[in-house]
Participant: 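Below you'll find the structure I mean.
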Amino acid sequence: MSAEPVPQNIVHPASDSDFSIHNIPFGIFSTARDSQPRAATRYGDYVIDLRLVRQLGFFKDLNLPEAIFARPALNDFIALGKPVTSAVRARLQELLRDERGFGSFFAYCAVPVQAARMHLPVEIGDYTDFYSSKEHATNVGKMFRDPDNALLPNWKHIPVGYHGRASSVFISGTPVKRPVGQFKPTETGGTPGFGPTRLLDFELEMAFVVGRPTQPGQRIPVARAEDYIFGLVLFNDWSARDIQAWEYVPLGPFLGKNFASTVSPWIVTLEALEPFRTEGPAQEPSPLPYLQFEGPKNYDINLEVAIRPADGEETVVCRSNFKYMYWNMCQQLAHHTVNGCNMRVGDLCASGTISGPEPASFGSMLELTWRGARPLTLADGSVRKFIEDGDTVILRGFAAREGIRVGFGEASGKVLPADPWPLS
Ligand code: MN
């Protein structure tokens, strides 16, 4: 981590930066000089320390609680509510636009991105994973069940999901150790296999951060759901397909999923994504009334996944889009709370694998290689059915329209070899 001097004046982002004036996301960072994790925004190639911006008095009229930006997670800041978080974001845009008035604040508050270490942006109380891409659910149904009747009967009526594990959601850049576990006995029977997963996969997902709590018993109506969504991150739901296939009956995903998930460091607010709203796929049959909604509830966000082998160059293996989601976030939240399940600030709800209609838009190796039947060739000539030790998997996402670009940066993780097994 280098600490090169910061220019006196504001350094504006390149036109292809994810972190334009239209973005102004929120995250948590630390530096070698000050290891206390604290709140920041990102502008181009600089991380801006919000604790210092506050010290300079620029948020004085917003009456923020003492030390709100000095905390190691954004939960308390987010819990102040959208009127406050929006005002902070708007003030930052004002400061960054006024070169002559506020140029010197930059030298005091900005840190080059190379000198910043990013941390999880929120303390995650609970993490839920949905299964909301029709293309993904159809592909999986074709492979594992009935090619002619791939979707299960409930799928078009329920935003299907399961409760994941919050303790193993890691910030981008955290290595992922290949998990060890049980696999199906061979076709001829016998005892289950055991060892490092042979079918390690990624799942291209996005996740939203809950921004407003509910009480037990309180439902979030679909029309009000956006008030409860603070923003989004990229999400890699790492999956061990052989462990998953053996364990999932009858209660669903468990050890094939809960060893690691990777999130991108910057929470992009729903406000920043407003210009990219779009219609989702038509829902036929019409869902039950509590899941019906009006207006565009999907977002046009370009997504990609790249694999970089150890010491090799990266290859983009998938290009998809968040707009393909069949069930939108408002429906997910309305469904999640229809039984009275309470939400807490910082809870994370992931979309499920985001696959599009074209084979190159499938959001997992399982689908891209069709269970290994159609291996991918990477730029260095090596072949992949699933993810190998030493591979780094990188998710990226951005939205762009009429000169406005808002992006997420990366959610990346390098796969390390499994620990020796069996464990004594
Ligand atoms: Mn998933």
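For ligands, and for the atoms within them, numbers begin at 1 and follow the listed sequence.
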Participant: I'd like to verify the contacts: list protein N, O or S atoms under a distance of 2.8 Å from the Mn ion (ligand 1).
Facilitator: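 Sorted hits: D129 OD2, E203 OE1, E205 OE2, D237 OD2.
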Participant: Please list, chain by chain and in numerical order, all residues satisfying side-chain hydrogen bond (donor to acceptor under 3.5 Å, both in side chains) with Y43, sequence neighbours excluded.
Facilitator: H12
Participant: Would you say Q182's side chain and F194's backbone share a donor-acceptor pair under 3.5 angstrom?
Facilitator: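 Pair absent, no side-chain N/O of Q182 close to backbone of F194.
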Participant: Test of understanding: with side-chain hydrogen bond (donor to acceptor under 3.5 Å, both in side chains), list the residues that count as partners of S261, not counting sequence neighbours.
Facilitator: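 side-chain hydrogen bond (donor to acceptor under 3.5 Å, both in side chains) list for S261, sorted by chain: empty.
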Participant: Taking E271's backbone N and O only, do any of them form a donor-acceptor pair with E274's side chain (distance below 3.5 Å, no angle check)?
Facilitator: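 No, E274 side chain to E271 backbone: no donor-acceptor pair under 3.5 Å.
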Participant: Which label fits Y162 and Y127: parallel for a plane angle under 30°, tilted from 30 to 60°, or perpendicular past 60°?
Facilitator: perpendicular
Participant: Considering only residues two or more places apart or on different chains, which pairs with a residue in residues 155-171 satisfy salt bridge (charged side-chain N to carboxylate O under 4.0 Å, His left out)?
Facilitator: none
